[in-house]
Amino acid sequence: MIEPIGNQYIVARPVYSANAFGEEHKKKHRYHKTFLDHLKVCCSCSTEKARKIALSLLPITSWLPAYRVKEWLLSDIVSGISTGVVCVLQGLAYGLLVNIPPRYGLYAAFFPVIVYFFLGTSRHISAGPFPVLSTMMGVTVARLTPDSFNDSMSNETSLDDYKVMVAATVTVFSGIIQLLMGVLQIGFMVVYLSESLISGFTTAAAVHVLVSQLKFIFQLNVLSYTDPFSIFKVLNSIFTQIEKTNIADLVTALIILFILFVVKEINQCYKDKLPVPIPIEFILTVIATGVSYGFDFRNRFNVTVVGEMESGFQPPITPDMTIVQETIGDSFSIAIVGFAVAFSISTVYSLKHDYPIDGNQELIALGLGNILTGSFKGFASSTALSRSAIQESTGGKTQVAGILSAVIVLIVIMALGFLLEPLQKSVLAALALGNLKGMLMQFTEIRRLWQKDKYDCLIWIVTFIFVIVLGLALGLAASVAFQLLTIVFRTQFPKCSTLANVGRSNIYKNKKDYSDMYELEGVKIFRCPSPIYFANINFFKQKLIDAVGFSPLRILRKRNKAMKKIRKLQKKGLLQVTPKGFICTIDDGLKDSDEELDNNQIEELNQPINTTDLPFQIDWNANLPLNIVVPKIELHSLILDFSAVSFLDVSSMRGLKTILQEFIRIKVDVYIVGTDDDFIEKLARCQFFDDEVKDSIFFLTIHDAVLHILMKKDYSTSKFNSSQENDRKFDFTIHTNGGLRNRECRVSVETKF
C-alpha cells in the first residue's frame, strides 16, 4: 500500500525475495518463441500481409494519394527547380572526384532520383552524388588504372572508357549489396556507425576531397595514389610542381570560392527573410561559362574545360566481372557509407517533420538506384547534406520536388549540355570545395564531444586520423574496429562502486558521492554497472575483493589449513572438550608449511569447511588454539546489485558461481538484487543452482535484502539471552607437565542491528 503525504510517500509491503514475490503474485509461465516460431511467422502468408508488403515496397502509394495539391505543389515546384540546378552542377563537379569525364555525373544526378521517388521513404532528401562516395569511387578507379595501363592506351578516349567501366561496375555491385541487405532486413548494421564516427569520417573525407581538387585548381599533373599515406604523397607532388601552376585557373577558382562563401553566408544570415536562397552556384556557372567562352580561355590561357557533352543517354552496359573480383571490399564500404549517410540525413528530416522512415526500404531504394545508375555509366550515389538542405529549405514538402529536380537534370542531358562545354574544371572544383564548408566545420565537434563524452571524442579523433592516414576504405574499417573496441573497454573495465544508505531511507547510492551515508556493520553492497561476460569476470572479481577488503579464497584456504591442524591435535588426544563444549588444546609445535599445503593439497583447501566430525563448533573470529592463526573478517552479508547487468554468458557464469561459493563457504551470506526474471531463468536453465548456491539468494531490491539481513541477524542473536551471551567463552585447557591451567577468551557476539 502506498500513502502520499505531501511530497513524500510511505510504502507498506512485505520483504520480498524473488521466489516469494513470484509465489504470492502467481507468476505465470511464459512461452518464449524459438527461432522456428519466428521463421514460421516470416514464412506465413495472408492477404493482409501481402498487402502490407506491397505497400511497404512502394511507399509512394501511402503519401501520394494524400498529396495536398493546393498547399504543396507550388512549394515543390520552386524547390525542385532550385535543387535541380544544384544537382546539375554537383553532378559535374563530383564527376571530377571519380576521375571520369564530368558529363557522367549527370547520370548519377538523374537515375537515383527517379528510383527514390517511387521507393524511398524520406520526403525531403535529394538522392544523387555525394562527395565522400565520389572520392571513394575515385580512389578505386585510380587503383585499377595504373600507369602501365595508361601507356598501353592508344588514346585518351579508351582510357576514359575503362575508368567509366570501373566506376559503373563498382556502382552496380555496391547497389546489389545494398539491395540484398534490404531484402534480408539487415539495415540495423548502420547502428555500428555512431554519430561521432560518421562525423569524423566525413570530415576526413572532406579533407581528401579538398586535396584531390587542388590539382584542378592549380592545373597540375598529379598521379593518383591509393595506398596508406596517399594524401601526403599527393600534397608532396603538388608542392613540388607548384611553379607550373596555371594562373588563370587559380585566379578563377579563388574568385569563385570567395563569391561563393560570401553569398552562402548571406543566405545563412538572412534565410528567414529571403523567400528562397540565392542560387549562387547557378549564377556563377552561367557567368564563368560565358566568360570562358567569350574570351576563349581554353586557347588563350590553356585552361582545362569540361569538353564535349554528348546529348542523350548512352546504351546500358554489362559490369565487368574481373573488376568485381578486385573491388569487392571497395563496393562493400561504398554501400555501407552511402546508406549510413543517407539514413542519418533522412532521420534528421523525419524527426523534424514527424513521419516514419524504414531503414530496410531505404537500402532497397538506394540499391536499385545504384544498379540502374551503374548500368547507364553513372557512379555511386547517396545524398548530399547541402543539396537536401536546399530542397527542404526552399519549401519542398515531398519527393515531387525531387522528381522535378530530375526533370531539370534531364533537360540538361538531352538538350542543354553543350552550353557547359566551355566551363573550366577549376570552376567545378571550386564549386565542389564550396559545398564542403559544412563538413569541414565539423572540427568544432571535438570541443563539444570532449565536454560531453571523452570516449565519443576519442572515436572522432581516431576516426579522422585513421581515414587521413590509411585512406577512406581502410580508415573506415579501422575506425569501426576501434569504436567496437571502446565498447569492449567500457564493459571490460566498468566503474564498480560500493553503495550505502542515504538518509536512513530505502535509497542506496555510491558512498563516495554523499556525506550523510549509513553503512550497515558487517554488510557490504557492491554494484556492477555493466554486463558480466568472459572478458570482465576477472576484473569484476578483483573489484569485489577490493571492495570487501579480503580474498574469500585465501580465507577459505587458511581455515581449511587450521582445520587440518585441529584434526591432528584431536587424533593425538591433545584436544579436549570441557563440559561447556569449548575447545581445549595443547601447543606441541605442530605447524605445516604453507608451501606444502598450497602445492600438494590445493584442491582440498578450496573445498567447503567440513566440521561434522568435530564435537564442537568453531568461531573463526575468536582466538583459536595456539599456533593457529586465521584472518578475522567482520563481513557477514554481501549484497550484489545486478540491476545494470543486462546479460551473463556461460564463461562468466562459471566464474560468478565460483565467487559466490567462496563467500558462502566462509559463512558470508550472498544476496543478488535487481535482476529481471529472464536473468534468473537463464541461470536455472544453465544449472547454476545447487546445494550451496540457491535460487533463494535473489531479492527484488537492495532494501528488501537489507531488511531480510536485519531480521535474520536479530533472530539469530535473540536465541540467546544476555546471561547466555556472557557465558559464551572458550576454555583452552593446556596440558603442561601434567598440570592444568585455565585461560578464558571471550567470543565476540554477532553484530546487532
Side-chain angles (χ1 to χ4, degrees), residues 55 57-91 106-130 264 267-268 270-283 285 342-343 345-358 361-362 365-366 368-369 372-373 381-416 435:
L55 292 177
L57 291 176
L58 286 173
I60 189 175
T61 58
S62 62
W63 62 263
L64 190 59
Y67 189 82
R68 304 174 188 174
V69 178
K70 295 182 179 180
E71 299 178 30
W72 292 351
L73 184 58
L74 181 60
S75 298
D76 280 340
I77 291 175
V78 174
S79 175
I81 295 174
S82 303
T83 308
V85 172
V86 177
C87 284
V88 172
L89 300 177
Q90 289 188 350
L106 296 178
Y107 304 148
F110 174 73
F111 290 107
V113 180
I114 300 297
V115 175
Y116 197 86
F117 174 75
F118 293 98
L119 302 179
T121 58
S122 174
R123 304 175 190 174
H124 293 88
I125 69 169
S126 174
F130 178 58
K264 280 185 174 292
N267 284 337
Q268 181 64 28
Y270 299 97
K271 61 181 179 180
D272 296 330
K273 298 181 179 180
L274 293 173
V276 294
I278 300 173
I280 186 60
E281 289 94 344
F282 175 72
I283 296 173
T285 301
F343 187 78
I345 296 176
S346 300
T347 303
V348 172
Y349 290 118
S350 70
L351 294 175
K352 182 177 180 179
H353 296 279
D354 191 23
Y355 61 85
I357 57 173
D358 185 350
Q361 183 62 28
E362 289 292 290
L366 294 173
L368 288 175
L372 184 62
T373 302
S381 64
S382 174
T383 185
L385 181 59
S386 59
R387 196 168 61 247
S388 298
I390 291 174
Q391 179 166 317
E392 192 265 348
S393 62
T394 52
K397 304 297 182 183
T398 64
Q399 282 299 330
V400 170
I403 201 68
L404 291 176
S405 69
V407 172
I408 301 297
V409 178
L410 179 63
I411 294 173
V412 174
I413 293 174
M414 300 300 296
L416 303 180
N435 286 300

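Quick note: residue numbers are just sequence positions, from 1.
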Using only atom types and a distance under 3.5 Å, with no angle test, would you say the side chain of [X] pairs donor to acceptor with the backbone of [Y]?
X: E392; Y: I125; value: no
X: S350; Y: T347; value: yes
X: T83; Y: S79; value: yes

Taking the side chain as every heavy atom from C-beta outward, state whether W63 and V400 have any pair of such atoms under 4.5 Å apart.
->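 A side-chain contact under 4.5 Å exists here.
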Less than 4.5 Å apart, any side-chain heavy atom of I77 and any of L404?
->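 Yes. Closest side-chain heavy atoms under 4.5 Å.
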Should Q391 and R123 be marked as a side chain to side chain contact (heavy atoms under 4.5 Å, CB included) after you check the CA-CA gap, both sets of side-chain angles, and the distance that decides it?
-> CA-CA 10 Å; Q391 179 166 317; R123 304 175 190 174; over 6 Å; no
Determine, step by step, whether K397 and E71 satisfy the salt bridge (Lys or Arg N to Asp or Glu O under 4.0 Å) criterion, reporting the C-alpha distance in whole Å, the side-chain angles of both residues, the deciding distance to 0.1 Å, and the verdict.
-> CA-CA 9 Å; K397 304 297 182 183; E71 299 178 30; over 6 Å; no
What class does the angle between the rings of H124 and H353 fall in, given that below 30° is parallel, 30 to 60° is tilted and above 60° is perpendicular?
->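 Ring orientation of H124 relative to H353: parallel.
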Can you give the donor-acceptor pairs under 3.5 Å from side chains of residues 112-121 to other protein atoms, not counting sequence neighbours?
residue : atom : partner : partner atom : Å
Y116    : OH   : S122    : N            : 3.2
Y116    : OH   : E362    : OE1          : 2.7
Y116    : OH   : E362    : OE2          : 2.9
T121    : OG1  : D358    : N            : 3.4
T121    : OG1  : E362    : OE2          : 2.6

Drop me the distance from [X]'s [atom1] to [Y]'s [atom2], to the nearest 0.5 angstrom.
X: L73; Y: Y67; atom1: CG; atom2: OH; value: 4.5 Å
X: F130; Y: T383; atom1: CZ; atom2: OG1; value: 8.5 Å
X: D76; Y: I403; atom1: CG; atom2: CD1; value: 11.5 Å
X: I413; Y: I408; atom1: CD1; atom2: CD1; value: 12.0 Å

Return the set of residues passing side-chain contact (heavy atoms from CB on, under 4.5 Å) with L410 (not counting sequence neighbours), or none when no residue passes.
->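 Only F110, F313, M414 meet the side-chain contact (heavy atoms from CB on, under 4.5 Å) criterion with L410.
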Could you list the residues that satisfy salt bridge (charged side-chain N to carboxylate O under 4.0 Å, His left out) with K273, not counting sequence neighbours?
->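 Counting only residues at least two positions away or on another chain, K273 forms no salt bridge (charged side-chain N to carboxylate O under 4.0 Å, His left out).
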Taking all non-hydrogen atoms of both residues, which atom of [X] and which atom of [Y] are closest, and how far apart?
X: S405; Y: G402; value: OG-O, 2.5 Å
X: G91; Y: P129; value: CA-CG, 4.1 Å
X: S126; Y: R387; value: OG-NE, 3.0 Å

Answer yes or no: does atom OH of Y355 have more than 12 heavy-atom neighbours from other residues, nucleotides or ligands under 6.0 Å?
->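 More than 12 within 6.0 Å, yes.
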Could you go step by step and tell me if F343 and I357 meet the side chain to side chain contact (heavy atoms under 4.5 Å, CB included) rule?
-> CA-CA 9 Å; F343 187 78; I357 57 173; 4.0 Å; yes
